[in-house]
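Structure record follows, encoded as structure tokens.
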Amino acid sequence: MDDKNKKLFLLVFYFGLVSGILFMNYGFFHQSDFIQELMEKFNNLDKLQFVSKDEFFFYVLMIRCKQLAFFVLSYLFLPRYFVLILIDFYFSFCIGGFFSLETYNQGFQGILYGICYFFPHYICYFSLYGLACWQAKKGKNYRNDSEKKILALFLALFAVGCFLESYVNSILMIALYGII
């Protein structure tokens, strides 16, 4: 990716981050019932210890497969950089809103909880994003023998990310919120 594209992606990221923060702050003052409902979901993380990890894995897998299907179909039929910019905005918007909610709910300690909420599975998800950017740089008509290897790597990173989100992150969240 050249410097012009990096600056564009960074600008979109910051715009999404600020938009998510502003959106959540707007909700604090004008949609307090909705915000209270969101905060209850995080306060009820103790219920994760009563959910079967296998059931939770398939729940996470189904949610992530829906998101993946949307992004892959968009990636195939729309200009790749446009889709990558949309993904960049989507994730930064969600991160901004989430960190704003956690900070409002738990103060600056909420930022630490927020970072832990995205660990370790987002290492795999950010790697998927990097792989998609690398593929977009190669161009739409790029074809070679390594395409199957790239697809296998993509699916492996996706599966490992879902596994980490279901098993490792849920244990981390239970421990972090003082349940165990």
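In this text, all values refer to a predicted model and were calculated from it rather than measured experimentally. Reckoned from all heavy atoms, side chains included, excluding hydrogens, waters and symmetry mates.
- Under the 3.5 Å distance criterion, the side-chain polar atoms of N169 are matched with a main-chain donor or acceptor of C116.
- Ring orientation note: the planes of Y129 and F9 are nearly perpendicular, at an angle over 60° on the 30°/60° scale.
- With contacts defined as side-chain heavy-atom distances shorter than 4.5 Å, the pair L8/Y81 does not qualify.
- Note on L128 and M62: separate hydrophobic clusters, where clusters join Ile, Leu, Val, Met, Phe, Trp and Tyr whose side-chain heavy atoms are under 4.5 Å apart, directly or indirectly.
- Pairing each heavy atom of S166 with each of V60, the nearest pair is OG-CB, 3.6 Å.
- For the atom pair CG (L172) and NE2 (H121), the distance works out to 10.0 Å, reported to the nearest 0.5 Å.
- With contacts defined as side-chain heavy-atom distances shorter than 4.5 Å, the pair S52/F57 does not qualify.
- One hydrophobic cluster, built from ILVMFWY side chains closer than 4.5 Å, holds both L17 and I115.
- Using a 4.5 Å cut-off between side-chain heavy atoms of Ile, Leu, Val, Met, Phe, Trp and Tyr, with links allowed through other members, V72 and F126 fall into the same hydrophobic cluster.
- Residues F118 and F99 meet the side-chain proximity criterion, which asks for heavy atoms closer than 4.5 Å.
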message = Walk me through whether F163 and L61 qualify under side-chain contact (heavy atoms from CB on, under 4.5 Å).
response = CA-CA 8 Å; F163 176 82; L61 186 65; over 6 Å; no
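- Between C124 and L164, the shortest heavy-atom distance links the atoms SG-CD1, 4.0 Å.
- Under the 4.5 Å side-chain heavy-atom criterion for grouping Ile, Leu, Val, Met, Phe, Trp and Tyr, F15 is not connected to L11 through any hydrophobic cluster.
- We find the CG-CZ distance between L101 and F23 to be 11.5 Å, quoted to the nearest 0.5 Å.
- Annotation: side chain of L84 is not in contact with side chain of D88 (no heavy-atom distance under 4.5 Å).
- To the nearest 0.5 Å, the span separating CG on L153 from OG on S127 amounts to 8.5 Å.
- Using a 4.5 Å cut-off on side-chain heavy atoms (C-beta onward), Y90 and Q67 make contact.
- Side chains of I171 and K53 form a contact here, defined as non-hydrogen atoms less than 4.5 Å apart.
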request  = Take F28 and S100, measure what side-chain contact (heavy atoms from CB on, under 4.5 Å) needs, and give me the verdict at the end.
outcome  = CA-CA 10 Å; F28 294 143; S100 182; 3.6 Å; yes
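- Judged by distance alone, with hydrogens and angles left aside, the side-chain atoms of N25 form a donor-acceptor pair with the main-chain N or O of I21 at under 3.5 Å.
- Although no hydrogens or angles enter the test, the distance criterion places a donor-acceptor pair under 3.5 Å between the side chain of S92 and the main chain of F89.
- Under the 4.5 Å side-chain heavy-atom criterion for Ile, Leu, Val, Met, Phe, Trp and Tyr, L112 and M24 are members of distinct hydrophobic clusters.
- Taken from CZ in F98 to OG1 in T103, the straight-line distance is 9.5 Å, to the nearest 0.5 Å.
- Proximity of the aromatic rings of F56 and Y167 is defined here by a centroid distance below 6.0 angstrom, and this criterion is not met.
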ask   = Between R64 and E165, is a side-chain contact (heavy atoms from CB on, under 4.5 Å) present by the stated rule, with each step listed?
value = CA-CA 10 Å; R64 297 296 177 231; E165 185 174 2; 2.6 Å; yes
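- Between I150 and Q135, some side-chain heavy-atom pair lies under the 4.5 Å cut-off.
- Note: Y125 and F158 have tilted aromatic rings, judged against thresholds of 30 and 60 degrees for the angle between ring planes.
- Through side-chain heavy atoms spaced under 4.5 Å, either directly or across other Ile, Leu, Val, Met, Phe, Trp or Tyr residues, V18 is tied to L22.
- Listed by first and then second residue, the salt bridge (Lys or Arg N to Asp or Glu O under 4.0 Å) pairs involving residues 116-125 amount to none (not counting sequence neighbours).
- The hydrophobic cluster analysis finds Y26 isolated: no Ile, Leu, Val, Met, Phe, Trp or Tyr side chain comes under 4.5 Å of it, directly or through other members.
- The shortest distance between side-chain heavy atoms of I85 and F13 does not fall below 4.5 Å.
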